[in-house]
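To start, the structure under review is shown below, and the notes come after it.
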Amino acid sequence: MKLFEYARAGSAADAVRRFGPGAMYLGGGTNLVDLMRLGVAEPDRLVDVGRLPLDTIEQAGDRVRVGAAVRNSDLAGDPLVRSRYPMLARAVLSGASGQVRNMATVAGNLLQRTRCTYFQDVTRPCNKRQPGSGCPAIEGDHAGLAILGTTHACVATHPSDMAVALAALEAEVHVTGQGGDKVIPMPGLHRLPGDAPERDTVLEPGDLITAVELPAPPPGASLYRKVRERASFAFALVSIAAVLDVRDGSVTGCRIALGGVAHAPWRAERAEQVLVGGPATAEAFRTAAEAELEQARPLPRNGFKVPLARNLIVRTLEELAP
């Protein structure tokens with residue numbers, strides 16, 4: 001591991017002030033420390049923000065503000081979150097192990113890097129680590145990688161379960177940085193690879209997430225479901241966060257976000273448009289899923305994700321429909 005400077009920030013403003021070229025923020029460290037051990041991340045300075053007073057969950061009117069330093073286990077177990085946003089609590093509990101959730105922070109969960117094996121192996125080329133070096137996953141091991149929003153430069157997937165639920169809930173991410181304060185909607189924090197796959201998010205250098213704000217729970221029933229290769233400690237092959245509001249047999253509102261299929265949490269806008277105003281039937285759910293997955297561009301060994309995603313959408317919406 002490369003030698004680095006360490007500084008503990010006393011406030012969010014102090015953290016931004018201490019940030020500079022070669023610096024990285026350290027929260028719970030459950031992802032960053034692993035990447036440093038692998039040689040993937042080599043910061044010159046770590047600015048520790050894990051002990052900032054950003055670890056509260058507070059209700060303000062019909063909204064809930066979650067501090068960036070809240071531990072994942074505390075978020076999933078909070079009575080307010082469990083009662084108002086059960087889909088989010090379930091998504092958080094679907095990720096990692098209890099020990100990791102006890103350390104990982106909300107901001108760190110959102111900003112974790114892909115688990116693509118080529119990204120984590122510094123002996124191999126990877127456009128996310130070294131722009132322009134190539135994407136060997138396209139011809140290599142890509143069974144668990146993206147089918148939507150890919151480019152010739154990158155087929156990696158974003159690993160967060162929490163981010164998928166937040167995309168369906170349309171949460172807002174509060175950020176402070178050298179340019180001042182701003183609010184970024186979900187989806188919108190994460191970006192597709194485009195021609196700059198090394199950039200996971202729209203954050204600028206020095207930007208620090210301070211909170212995630214949850215809007216009033218949307219009407220209807222909600223559910224998070226994750227399909228993985230084993231029962232625990234595995235990232236999603238495909239996951240879904242869905243909200244469905246049905247009245248008199250018709251869909252009056254619908255939100256669907258998918259995980260495990262793209263470089264960012266994937267909001268299924270085409271499927272939503274097909275569903276709203278139509279009947280809440282299995283046939284309609286299948287039509288909507290197929291409309292969404294017309295955009296899929298699977299590689300030779302991950303084509304199974306297309307029917308898997310379709311069936312997951314249909315089954316989840318059927319369960320949510322009264």
Side-chain angles (χ1 to χ4, degrees), residues 1-58 65-75 96 99-115 119-120 122 126 128-131 158-160 162-163 166 171-186 188-191 196-213 264:
M1 184 183 292
K2 174 184 170 183
L3 292 176
F4 57 87
E5 296 179 359
Y6 172 86
R8 182 183 297 175
S11 65
D14 182 46
V16 173
R17 182 182 62 80
R18 291 175 180 271
F19 198 93
M24 299 183 75
Y25 290 127
L26 173 68
T30 55
N31 185 209
L32 176 57
V33 173
D34 284 345
L35 294 177
M36 291 172 66
R37 288 170 175 162
L38 292 170
V40 176
E42 296 185 316
D44 295 318
R45 173 187 294 177
L46 287 182
V47 180
D48 190 343
V49 296
R51 304 184 191 186
L52 295 182
L54 302 172
D55 58 352
T56 59
I57 300 175
E58 301 174 334
R65 186 180 179 94
V66 180
V70 169
R71 304 293 169 169
N72 288 184
S73 55
D74 292 333
L75 177 66
Q99 294 91 332
V100 171
R101 292 194 298 269
N102 286 340
M103 288 294 297
T105 64
V106 166
N109 187 303
L110 290 175
L111 299 179
Q112 60 185 301
R113 309 299 304 274
T114 183
R115 266 49 176 202
F119 172 72
Q120 294 185 322
V122 295
C126 172
K128 289 187 74 62
R129 284 197 332 271
Q130 298 175 319
H158 192 270
S160 173
M162 178 193 298
L166 292 178
E172 295 177 341
V173 180
H174 290 250
V175 177
T176 188
Q178 296 171 353
D181 298 337
K182 55 188 172 184
V183 178
I184 302 173
M186 290 281 290
L189 173 66
H190 304 92
R191 59 184 301 281
E198 69 277 11
R199 294 191 62 198
D200 293 343
T201 72
V202 298
L203 297 179
E204 299 295 334
D207 280 355
L208 176 69
I209 294 176
T210 56
V212 173
E213 190 165 343

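Rounding to the nearest 0.5 Å gives a distance of 14.0 Å between CG of L26 and CZ of R45. Expressed to the nearest 0.5 Å, how far OH of Y25 lies from OG1 of T105 amounts to 13.5 Å. Put simply, CG on D74 and OG1 on T56 are 11.5 Å apart, with the number rounded to the nearest 0.5 Å. The CG atom of L166 sits 12.0 Å away from atom CD of E213, with the distance rounded to the nearest 0.5 Å. Distance check: T176 OG1 to D181 CG gives 4.0 Å after rounding to the nearest 0.5 Å.
Heavy-atom minimum distance, Q178 versus D207: N-OD1, 4.4 Å. Taking each heavy atom of A163 and S160 in turn, the nearest pair found is N-OG, 2.9 Å. For the pair T210 and V175, the tightest heavy-atom approach, listed with the atom from each and the gap, is OG1-N, 4.2 Å. Residues A41 and L32 approach most closely at CB-CD1, 3.9 Å, considering heavy atoms. Heavy-atom minimum distance, R71 versus G50: NH2-O, 3.6 Å. Considering every non-hydrogen atom in both V106 and N72, the closest pair reads N-ND2, 3.6 Å.
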Problem set entry | CA sep, side-chain torsions, deciding dist, call: L46, M24, side-chain contact (heavy atoms from CB on, under 4.5 Å) | CA-CA 5 Å; L46 287 182; M24 299 183 75; 4.2 Å; yes
For this session: Given side-chain contact (heavy atoms from CB on, under 4.5 Å), test M162 with L75 step by step and report yes or no.
Result: CA-CA 10 Å; M162 178 193 298; L75 177 66; 3.7 Å; yes
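At least one donor-acceptor pair under 3.5 Å links the side chain of R129 to the backbone N or O of F119. Remark: side-chain polar atoms of T201 are paired, donor with acceptor, to backbone N or O of L203 under 3.5 angstrom. Side-chain atoms of R115 come within 3.5 Å of backbone N or O of R113 as a donor-acceptor pair. Using modelled atom types, one side-chain atom of H190 and one backbone atom of L110 make a donor-acceptor pair closer than 3.5 Å.
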Identify all side-chain donor-acceptor contacts of residues 12-22 below 3.5 Å with residues at least two apart in sequence or on another chain.
from, atom 1, to, atom 2, distance (Å)
D14, OD1, R17, NE, 3.4
D14, OD1, R17, NH2, 2.6
D14, OD1, R18, NE, 3.3
D14, OD2, G10, N, 2.9
D14, OD2, R18, NE, 3.0

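Counting only heavy atoms from C-beta outward, the side chains of V212 and M186 never approach each other to under 4.5 Å. Side-chain contact between R101 and T30 is absent, with no heavy-atom pair separated by less than 4.5 Å.
Screening H158, K128, R191 for a side chain to side chain donor-acceptor pair (under 3.5 Å) involving D200 leaves a single residue, K128.
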